[in-house]
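The next block holds one structure in the form of structure tokens; read it before the comments.
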Amino acid sequence: MENVMQYIEEHKDRFLDELLEMLKIPSISADPAYKDDVMKTAMMVADLLKAAGADAVEVMPTEGHPIVYGEKILGEGLPTVLVYGHYDVQPPDPLDLWESPPFEPVIKKTKIHPDGAIFARGACDDKGQFFMHVKAFEAMIKNDALGCNIKFMIEGEEEVGSDHLGDFCRANQEKLACDVILISDTSIISNSTPSITTGLRGLSYVEVEVTGPNRDLHSGVYGGAVANPVNVLCGMIASLQDENKHITIPGFYDDVEVISTDERAEMNKAPFSLDQYKEDLAIGDIQGEKGFTTMERTSIRPTLDVNGIWGGYTGEGAKTVLPSKAFAKISMRLVPHQNSDKIAKLFADHFESIAPDSVKVKVSFHHGGEPVVTPTDTPEYRAAHLAMQETFGKAPIPKREGGSIPIVALFEEVLGVKSVLMGFGLDSDALHSPNEHYGLFNFYKGIETIPYFYHHYERLRKES
Ligand code: BES
Ligand code: ZN
């Protein structure tokens, strides 16, 4: 392992330069205008994999954006690890809130990252994180220190729901066959408190359209007599949560996993400062479901949030109009045993039932994904634990997280394989927000930790 660590130390500047190059391409999967950039990024990932030493590298087309595959098969008897990551990124909007352009990466020091952090869209989510695996792989290969087979599967549609990945996995079951899936697309508690993600929430995403009069009206001539769809929509949305921030959709909580008091007490032992949380977000107070802590509200409890709402006049100045239509995008984060299709349907039935006769509503479905909990009594979890303990000098804490990676449940369903979620980002790294960044400490710590994972995994598999 010494040689591997020395190799990483000697090549760390080049590793960073390569990442910065990749961060310059706007691989925004949600916007068709960036289709070519998404493809260009896929080609670059393929080149980087080849250069690191991977064989059989392919940019594999799907109905959507391509998936980059590469592998190193060292022997039939060895355990096989499939590394999953995504090279697509979220749209950078709102652009004017970025302190430097989102696709011109710069390194700046921050309070939390005194050694510097890379500021760019995708720096943490997930280019910076999956790239740690490519570089750790290079370091292991160059030093003859890899004792497992590795397969890489880096996709380009994670940020839009991985719609084509299920079919891809079903069609390529043999190619993707593996013993475990290793993913770095999550967070640690802090740079001094490592953690391993043991659960992710699912997601149900819907869009609603509320239609009032057949055309935009003069708000003086008709206002007061005709229902305003924006007002109606706001009222309907407000009614989806009661005064205890409990979601009012009938049946919404029916399948929610009940977590024991002991387990909740254990979860709440993880270090968390409410004052720092509020300060970081510049909020006077927090809010959320009554009876649960902030940690629980963002991990083991389901939520409902409006992601966008629009209608009427939103241009410069004022226009007195009673709009014909109003829209909203609404997402619900789901916890174990809830099902994304069932929840979407419950939402639609309820939303239609509460609409007044003065408007018509239409609910359409976007993507969904199922929640997951990963086991902690497996050789792979143990390997991740030992690896982090080695490089952080501290035992990592198991922690459920609030974000979603729909492919994790799919991998379990289609390939029958569990994942290890060993991420290195911080929740405060502004994922999906302006000024996304990734600490250099985190980037290098990840590259150093990954070889230890393989080292321990190979050994523990042999023993088990
Ligand atoms: N990397 C995130 C998920 C994440 C972030 C998990 C932080 C845990 C901690 C991922 O890229 C993501 O944003 N996923 C989407 C999924 C959706 C588009 C289906 C999400 O959670 O909104
Ligand atoms: Zn991600």
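The first residue of the sequence shown is numbered 1, and numbering continues consecutively from there. Every number for a ligand or one of its atoms is a count from 1 in the order of the listing.
At a cut-off of 2.8 Å, E158 is not counted among the residues with an N, O or S atom near the Zn ion (ligand 2). The distance from the Zn ion (ligand 2) to the nearest N/O/S atom of E159 is not under 2.8 Å.
Where the criterion is an N or O separation shorter than 3.5 Å, residue side chain and backbone included, H432 meets it with respect to ligand 1.
Residue contacts with ligand 1 include H86, since one or more of its heavy atoms lies under 4.0 Å from the ligand. Residue Q90 places every heavy atom at 4.0 Å or more from ligand 1. At a 4.0 Å cut-off, at least one heavy atom of R333 sits close enough to ligand 1 to count as contact. Residue contact check for ligand 1: D126 places no non-hydrogen atom closer than 4.0 Å to it.
At a threshold of 4.5 Å between non-hydrogen side-chain atoms, the residues F272 and T294 count as touching.
The cationic group of R301 lies under 6.0 Å from the six-membered ring centre of F292 and within 45° of the ring axis, placing it in a cation-pi geometry.
If you take NE2 on H113 and CG on N191, they are separated by 6.0 Å, rounding to the nearest 0.5 Å.
The E401 neighbourhood of ligand 1 comprises atoms 8 (C), 9 (C), with distances under 4.0 Å to a heavy atom of that residue. Heavy-atom contacts of L203 reach the following atoms of ligand 1: 17 (C), 19 (C) (cutoff under 4.0 Å).
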